[in-house]
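Computed from a predicted model, the values in this text were never measured in an experiment. Numbering of residues begins at 1 and proceeds along the displayed sequence.
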Amino acid sequence: MLVARSEILSPAFGKKLAADFKSGNTYSYYNDRYYLAYQARVDAMNVASGVALDQATTSGFAIYPNPTKGTINLFSQEHGKARVLIVNVLGSRMEQLFNGEFSAGEHSLAWDTQGLSAGLYVC
């Protein structure tokens, strides 16, 4: 018996969905059996999370271990204002681990994973 099914959207299709829903061009999806799932995915993609693009730096920043079981180690070569959030795959904010001035160097942040189901979480 099939209990659940998971669909993987390609990045290109995800971008097309986001653009179509943003422009209101959704009529081509109305008869698609996945319309509600597409709508939920677009809503999740529009949740404000991540690093502001004008401040994004990928070099000199690391989060480890991955996967984790409760402690997240962060390393940054830069200092400045930072907010560290844990978000689930639907874009729902699970927990805020840090909000303030972040100094350069290594930091450990405790994250209580007890009670959370196994899955993918984004920091």
Side-chain angles (χ1 to χ4, degrees):
M1 175 190 304
L2 180 63
V3 177
R5 179 178 175 164
S6 176
E7 296 292 330
I8 306 296
L9 304 180
S10 71
F13 186 67
K15 287 179 183 178
K16 181 178 179 348
L17 273 178
D20 287 347
F21 275 77
K22 183 177 181 179
S23 69
N25 184 19
T26 58
Y27 62 89
S28 63
Y29 301 103
Y30 289 151
N31 292 325
D32 191 310
R33 65 183 175 169
Y34 297 114
Y35 173 75
L36 294 176
Y38 293 157
Q39 187 176 31
R41 178 64 187 133
V42 170
D43 291 344
M45 287 189 292
N46 290 328
V47 171
S49 64
V51 178
L53 292 177
D54 61 339
Q55 299 174 12
T57 57
T58 54
S59 62
F61 183 77
I63 301 173
Y64 58 92
N66 186 10
T68 186
K69 290 188 178 185
T71 300
I72 296 173
N73 297 303
L74 300 145
F75 176 79
S76 176
Q77 293 178 352
E78 299 180 20
H79 67 278
K81 292 183 181 179
R83 183 168 50 158
V84 179
L85 301 172
I86 303 297
V87 180
N88 67 17
V89 294
L90 296 176
S92 299
R93 183 172 149 177
M94 303 301 292
E95 189 172 346
Q96 179 172 295
L97 301 180
F98 181 83
N99 187 14
E101 276 302 307
F102 198 82
S103 60
E106 187 157 344
H107 304 272
S108 289
L109 299 174
W111 176 30
D112 183 11
T113 59
Q114 297 296 319
L116 290 177
S117 58
L120 179 65
Y121 297 91
V122 179
C123 180

*Which heavy-atom pair separates F102 from A82 by the least distance, and what is that distance?*
CB-CB, 3.7 Å
_Nearest atoms (heavy-atom pairs only) where N99 meets R83_ = OD1-CB, 3.9 Å
*Using the test side chain to side chain donor-acceptor pair (under 3.5 Å), find all partners of D20 that sit at least two apart in sequence or belong to another chain.*
K16, Y29
_Under the side chain to side chain donor-acceptor pair (under 3.5 Å) test, residues paired with Q39 that sit two or more places apart_ = none
*Is the side chain of S92 donor-acceptor paired with the backbone N or O of N88 at a distance under 3.5 Å, no angle test?*
no
*Could you tell me which residues satisfy ring pair (Phe, Tyr, Trp, His ring centres under 6.0 Å) with Y30, sequence neighbours excluded, listed by chain and number?*
Y35
